[in-house]
There are 2 protein chains.
Amino acid sequence: MVRMADVAREAGVSAMTVSNVLNQRRPVAAATRARVLAAAESLGYEVNLTARHLSAGRTDTVALIVPSFHDYFGEVADEIAPLIEAEGRHLVLERTSASPEQEMESLSIARLQLYDGVLLSVASLDRQQLERVRTSKPIVLLGERDAPDRFDHVRLANEEGARLATAHMIERGSRRIVALGCTLERGHTMNSDRRVGWELAHEQAGLPVDERLVVPIATYSSQAARAALEGAIAAGLEFDAVFAATDVIALGAVAALADHRLRVPEDVQLAGFDNLDVSRFVPPGITSIDPNHQGVAQHAVRLLHRRMADGAAPAEHIVVPVDLVVRGSTRP
Amino acid sequence: MVRMADVAREAGVSAMTVSNVLNQRRPVAAATRARVLAAAESLGYEVNLTARHLSAGRTDTVALIVPSFHDYFGEVADEIAPLIEAEGRHLVLERTSASPEQEMESLSIARLQLYDGVLLSVASLDRQQLERVRTSKPIVLLGERDAPDRFDHVRLANEEGARLATAHMIERGSRRIVALGCTLERGHTMNSDRRVGWELAHEQAGLPVDERLVVPIATYSSQAARAALEGAIAAGLEFDAVFAATDVIALGAVAALADHRLRVPEDVQLAGFDNLDVSRFVPPGITSIDPNHQGVAQHAVRLLHRRMADGAAPAEHIVVPVDLVVRGSTRP
DNA sequence: CTGTTAGCGCATTCAG
DNA sequence: CTGAATGCGCTAACAG
């Protein structure tokens, strides 16, 4: 390994001068500068970032910690990356496997010290566990779970999105709308908040809420969603629309409906949530709630930036508005 | 910030003893040990990993560098992560935006020094640019591009996969098969190799190869694929099947075919490549080539592991076999 | 079993 | 404009 001292010796200067040339921190005589650059080049020198980080006390790197790398989180990450890079920092992704243990570990101060700031996409930690996280590192929470007020937090307008999608299908004539992947449990989680929105749409339309239409699923996968809806159909549940808690779930619903030769939207209307790319292309196009990734990304980075500048600033809690995107899976 | 020295003072021992207790490196008297742990706990001490990394000369961290975080790469990353973690290391993702500049920068020795090993998913660097990468850091290349022999490299059996999918549709009666998202250009790239497989299937079946059926696309998006196929249809291209270079492209084809009321598979058969989750659920199910993510992940991690153990070992070039997964988009 | 010394490679501070 | 001294926090090697 080539160190700065090696370059210094080769160029006949001190290490400090090498540092100054390479970082353009102080003016250096042109001739000296040229010699240093030549020496660095010929030895193939590159700065040791670990040493720089230790010395500087910062890493110019931000971590985005997600439950898993694919689907929704990958898409958000691609939105966040350029915003972080625009400020001259690097973004790295780590994942927690959505297990509370790993999510806690990734929050250990040790791991945090590698980064100047952390965006944590909370999937499974509850309020109490988050309460125990004590660190002065800038952290911004992303996601739909309830969290302590002292954290900056960006979440979606889950209720409003679910209400919009459900109201839209009521307006287009449906009266028995399955809430697939939702839950009757209370407490702020993504699938509970979305069920509340589904209820709200019924109340606002003066329709009764039939809790049998809430069909929970085992895991947030298309496979589980397909199985759950098949099960509901087999059990004789009557319905004329499906509100799916996520687009991944909606995709499972598409498959289950096709298996039973139920036409979308003629027999059953369908709407999802997340506006994944795939929803534009699966015929007849899946009506969905656009979660405004860009807005999420912008707020998250803005809050983190602010927090890194001022650790004592009061916490902000952002609810990012969402939009209904109408496609062929709901009736005109 | 609490340092080891603070804990040492609090516990009335030396820093070395604190280190030994926390890392279980050397036996420590039970009483001392207890005092150290109590002190660490009460002060809220956590080791500074940057300092440890500098001192130890390693980071126990592997980077997976990908062109973008979503879709294919996110799925592979989720396969690789547990294998890395099983060896007691951490995995982080960085992205290059698929620009050659950034891909080169992520390969700068400086950046590499942060990691004990690097898995680089090559999207846009050509052989010549890779040739210029000089480093003793363990690197394993992933991806379909041609690369210098001195690198360990894991790629898919692209030709064979494309041949399988095309031959399958020929067998099921198609004679004019569009190669959507492929290219007539020579040289080892993903979409060139897959075109070669498409050709090969024709030759083996004794069928002529009509180059007008090769329909390239502007970007690897469903949107671009949809537009390209619409364009081909509008231009009067006659075909009875589509081999899509990727499943993302196949999804665009599904949309384009639906727009033109062409039934799959009755009017047009369709097969893709990548076996994305979505392909199982889009009616009638998209026949696809399974890229064997798990095999890719296992080989990549194995090669990296080997390389980290022995920097001088001869480079291995793995071609991971692929499988045809038949679904409803091709005829029985 | 525990402590001392020294150094990982860089960059800030102060001197010249 | 350039250099020397010093510290970032941890741990390997050596003493005791």
Side-chain angles (χ1 to χ4, degrees), chain A residues 1-37 39-40 43-61 108-116 135-137, chain B residues 1-37 39-40 43-61 108-116 135-137:
Chain A
M1 160 168 306
V2 185
R3 291 153 328 174
M4 209 139 108
D6 300 321
V7 178
R9 189 167 346 94
E10 176 85 5
V13 298
S14 75
M16 231 14 259
T17 299
V18 176
S19 175
N20 286 329
V21 169
L22 266 32
N23 300 306
Q24 310 179 27
R25 204 169 297 279
R26 294 196 302 196
V28 172
T32 320
R33 188 183 148 70
R35 255 185 308 135
V36 168
L37 289 176
L43 295 178
Y45 172 77
E46 300 253 359
V47 65
N48 179 328
L49 290 179
T50 302
R52 172 181 289 175
H53 293 169
L54 178 61
S55 180
R58 55 192 179 73
T59 61
D60 293 325
T61 301
S108 82
I109 306 194
R111 210 62 207 154
L112 292 191
Q113 278 177 334
L114 291 173
Y115 306 111
D116 292 348
T135 169
S136 57
K137 275 286 164 180
Chain B
M1 162 167 307
V2 185
R3 292 150 327 166
M4 210 161 194
D6 300 321
V7 178
R9 190 169 346 95
E10 176 84 5
V13 298
S14 76
M16 228 19 250
T17 299
V18 176
S19 175
N20 286 328
V21 169
L22 265 34
N23 300 306
Q24 310 180 28
R25 206 170 296 277
R26 293 195 302 196
V28 173
T32 318
R33 189 182 148 70
R35 254 183 310 136
V36 168
L37 290 176
L43 295 179
Y45 172 76
E46 300 252 0
V47 65
N48 180 326
L49 290 179
T50 302
R52 172 180 289 174
H53 293 169
L54 177 61
S55 179
R58 54 190 179 71
T59 61
D60 293 325
T61 301
S108 82
I109 309 204
R111 209 67 205 150
L112 291 190
Q113 278 176 336
L114 291 174
Y115 306 110
D116 291 348
T135 169
S136 57
K137 275 285 164 181

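Being a predicted model, the structure only gives us computed values, none of them experimental. Note on naming: letters A, B, ... go to the chains in the order of the sequence lines (proteins, then strands), and numbering restarts at 1 for each one.
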Atom pairs and distances, side-chain donor-acceptor, residues 50-57 of chain A, under 3.5 Å, sequence neighbours left out:
| unit_1 | atom_1 | unit_2 | atom_2 | d |
| --- | --- | --- | --- | --- |
| A:R52 | NH2 | A:N23 | OD1 | 2.9 |
| A:H53 | ND1 | A:L49 | O | 3.4 |

Inset, instruction - Starting from the first five and the last five pairs of the helix from C:dC1-D:dG16 to C:dG16-D:dC1, work out the angle between the resulting helix axes, to 10 degrees. - result: 40°

Legend entry - Passing candidate, side chain to side chain contact (heavy atoms under 4.5 Å, CB included) with A:L22, options A:V47, A:L37, A:V28: A:L37

Inset, instruction - Would you please name every residue forming a side-chain hydrogen bond (donor to acceptor under 3.5 Å, both in side chains) with B:D116, sequence neighbours left out? - result: B:T59

Legend entry - Distance in angstrom units between B:L54 CG and C:dG7 P, rounded: 14 Å

Legend entry - Atom pair OG1/CZ of B:T17 and B:R26 - distance to nearest 0.5 Å: 7.5 Å

Legend entry - side-chain hydrogen bond (donor to acceptor under 3.5 Å, both in side chains) involving B:R58 - partner list, sequence neighbours excluded: B:D60

Inset, instruction - With heavy atoms under 4.0 Å as the rule, sort B:T50 into base, sugar-phosphate or nothing. - result: nothing

Legend entry - Distance-minimising heavy-atom pair for B:V36 and B:V13: CG2-CG2, 4.0 Å

Legend entry - Nucleotide-resolved protein contact map, nucleotides 10-16 of chain C, B/S/- at heavy-atom distance under 4.0 Å: BBB-B--

Legend entry - Those residues that, when tested against A:R3, pass salt bridge (charged side-chain N to carboxylate O under 4.0 Å, His left out) (two or more places apart): A:D6

Inset, instruction - Answer whether the closest heavy-atom distance between the side chains of B:V7 and B:V2 falls below 4.5 Å. - result: yes

Inset, instruction - Mind listing the closest non-hydrogen atom pair of B:Y115 and B:K137 along with its distance? - result: O-NZ, 2.9 Å

Inset, instruction - Tell me, please, which residues at least two apart from A:T32 pass side-chain hydrogen bond (donor to acceptor under 3.5 Å, both in side chains). - result: none

Inset, instruction - Using chain B heavy atoms and a threshold of under 4.0 Å, write down where along DNA chain D the contacts begin and end, 5' to 3'. - result: D:dG9 to D:dC14

